[in-house]
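The next block holds one structure in the form of structure tokens; read it before the comments.
Keep in mind that what you see is a predicted model, and the values were worked out from it rather than measured. Scope of the values below: all heavy atoms of this structure, side chains included, with no hydrogens, waters or symmetry mates.
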Number of protein chains: 2
Amino acid sequence: MTPQRMAILNYLKGNLEHPSAEDIYKAIGKKFPTMSFATVYNTLETLKQMGQIRELYCDPYKKRFDPNPNPHHHVVCTQCQKIVDLQDEIRIKPPTLTTEKFEILGSHIEFYGICSKCKSKNSSSRKEETIYVKNRTGS
Amino acid sequence: MTPQRMAILNYLKGNLEHPSAEDIYKAIGKKFPTMSFATVYNTLETLKQMGQIRELYCDPYKKRFDPNPNPHHHVVCTQCQKIVDLQDEIRIKPPTLTTEKFEILGSHIEFYGICSKCKSKNSSSRKEETIYVKNRTGS
DNA sequence: CTGGCTGCAAATCTTTTGCATCCTG
DNA sequence: CAGGATGCAAAAGATTTGCAGCCAG
């Protein structure tokens, strides 16, 4: 456990934003200005292997990281890519695969929709054409 | 509807592999050797807008495309990224969001696990360390 | 002629890798 | 000293964009 790892883990733990690698890099960079992207990715990979964090794929633009490794589901805003944890216990039974035999190891439900912030943004840009946001660096 | 679009749509329709843009590019390239990646992405975007296909994010390495726009769920092999449709009707009720108010528009369940092919591959490489495959170009 | 579609190349963004260096024990 | 962790720069992979040319209406 190096200081950098502590910093990343601390940043993640309790964080509900499901940050991307870039978010983490930027946030930690304030405390460790010399830290490199490679270290962030290395550390995230290590933490993932250790089962401390989970990688999420529900943001089409980048991978996101969830500090809660326990199984739970998510709601995703398809406009701003905000990801919110679901505390609901949703019980689903494994699928009946007839042709394919999979060893099922887990499951993940993602609900998608529009968050309240984006919805109000939408209505404020009245009749204008919805702008298709492409550049996502700003996250 | 240009020939290129027809070709892409034809390739997708009935395809159960959930191909990536690259898969599509390569496959169509046999019939349209001059077609460019840009056209593939353009077309896929257009088809998506038209509601003819769906974009899947459950492959961590690249986006995958599903010719079936009707709501259904998937099983994903975490080793080879094979994606299989689920025909099971799974009814889940929308989550109870207390703090966040989302307008829920849909949901997607992904089961993940190991497909039979990968499982037999695993056992054949007996006690050896599992190789962590990084280069995914070959898909 | 106009607008949309194509093809090509270049750019962008995210993620990974190689390698030299640095610590820790 | 050895092994793992770091930092940096470069590479790789996926996707997007700019722009000129083409084609159908």
Side-chain angles (χ1 to χ4, degrees), chain A residues 1-11 18-50 52-65 81 83 129 131-139, chain B residues 1-11 18-50 52-65 81 83 129 131-139:
Chain A
M1 267 297 148
T2 64
Q4 288 89 339
R5 288 191 184 183
M6 291 299 283
I8 292 179
L9 202 50
N10 280 337
Y11 176 70
H18 308 83
S20 67
E22 194 194 12
D23 296 336
I24 296 166
Y25 175 65
K26 281 186 183 158
I28 307 294
K30 289 168 190 161
K31 300 215 168 186
F32 291 80
T34 73
M35 192 167 51
S36 70
F37 243 116
T39 301
V40 173
Y41 277 104
N42 278 341
T43 302
L44 290 170
E45 178 64 29
T46 307
L47 293 172
K48 194 176 63 174
Q49 304 277 332
M50 297 179 1
Q52 297 270 59
I53 63 175
R54 186 148 68 111
E55 211 172 43
L56 303 179
Y57 311 122
C58 36
D59 178 341
Y61 301 100
K62 41 180 88 167
K63 289 176 187 162
R64 305 277 288 265
F65 295 88
Q81 264 57 55
I83 301 175
E129 192 78 356
I131 295 140
Y132 189 76
V133 181
K134 289 273 180 124
N135 188 330
R136 309 232 98 256
T137 300
S139 187
Chain B
M1 268 298 150
T2 63
Q4 289 87 339
R5 289 192 182 183
M6 291 298 284
I8 291 179
L9 201 50
N10 280 336
Y11 176 67
H18 308 84
S20 67
E22 194 194 11
D23 296 336
I24 295 165
Y25 174 65
K26 280 185 184 159
I28 307 295
K30 288 167 191 163
K31 300 216 169 185
F32 291 80
T34 74
M35 191 167 50
S36 70
F37 244 116
T39 300
V40 174
Y41 279 104
N42 278 340
T43 302
L44 290 170
E45 178 63 29
T46 307
L47 293 173
K48 193 175 64 174
Q49 306 276 335
M50 297 179 0
Q52 296 271 58
I53 62 174
R54 186 147 67 110
E55 210 171 44
L56 303 180
Y57 310 123
C58 36
D59 178 341
Y61 300 101
K62 41 180 86 166
K63 290 176 186 162
R64 305 277 288 264
F65 296 88
Q81 265 58 56
I83 300 176
E129 191 77 358
I131 296 139
Y132 188 76
V133 181
K134 289 273 181 126
N135 188 329
R136 310 232 97 256
T137 300
S139 187

Atom pair distance, as rounded to whole Å: CZ in A:Phe37 and C1' in C:dC13
10 Å
So, OP1 or OP2 of C:dT6: does either fall under 4.0 Å of a side-chain N or O from B:Thr2?
yes
Measure the CZ-OG1 distance between A:Phe32 and A:Thr2 for me, rounded to the nearest 0.5 Å.
8.0 Å
What is the distance from OH of A:Tyr41 to P of D:dA12, rounded to the nearest Å?
17 Å
Honestly, is B:Lys63 close enough over A:Tyr61, meaning NZ or CZ under 6.0 Å from the six-membered ring centre and within 45° of the axis?
yes
A:Arg5 side-chain proximity, nearest of C:dA9, D:dA5, D:dC8
D:dA5
What's the CG-C1' distance between B:Asn42 and C:dC5, to the nearest Å?
8 Å
Round to the nearest Å and state the distance from A:Met6 atom CE to D:dA5 atom P.
15 Å
Could you tell me the separation between the OH atom of B:Tyr61 and the P atom of D:dT15, rounded to a whole number of Å?
14 Å
Among side-chain atoms of B:Ser36 and B:Thr39, is any donor-acceptor pair under 3.5 angstrom?
yes
Atom CG of B:Asp23 and atom P of D:dG13 are separated, to the nearest Å, by 15 Å
Step-by-step side chain to side chain contact (heavy atoms under 4.5 Å, CB included) determination, B:Ser20 to B:Asp59
CA-CA 9 Å; B:Ser20 67; B:Asp59 178 341; over 6 Å; no
Check whether any side-chain N or O of B:Thr34 sits under 4.0 Å from OP1 or OP2 of C:dG7, and answer yes or no.
yes
Report yes if a side-chain nitrogen or oxygen of A:Thr39 is closer than 4.0 Å to either non-bridging phosphate oxygen (OP1 or OP2) of D:dG7; otherwise report no.
yes
Rounded interatomic separation in angstrom, taking CG from B:Leu47 and C1' from C:dC5
13 Å
Please determine, for the side chain of A:Glu22, which listed nucleotide (D:dT6, C:dT17, C:dT14) has the closest atom?
C:dT14
Could you give the NZ-to-P distance, from B:Lys63 to D:dG13, as a whole number of Å?
18 Å
Take B:Ala38 and A:Thr43, find for each the nucleotide of DNA chain D with the closest heavy atom, and name the residue whose nucleotide sits nearer the 5' end.
A:Thr43
Identify whether the distance between the nearest side-chain nitrogen and carboxylate oxygen of B:Arg64 and B:Glu55 falls below 4.0 Å.
no
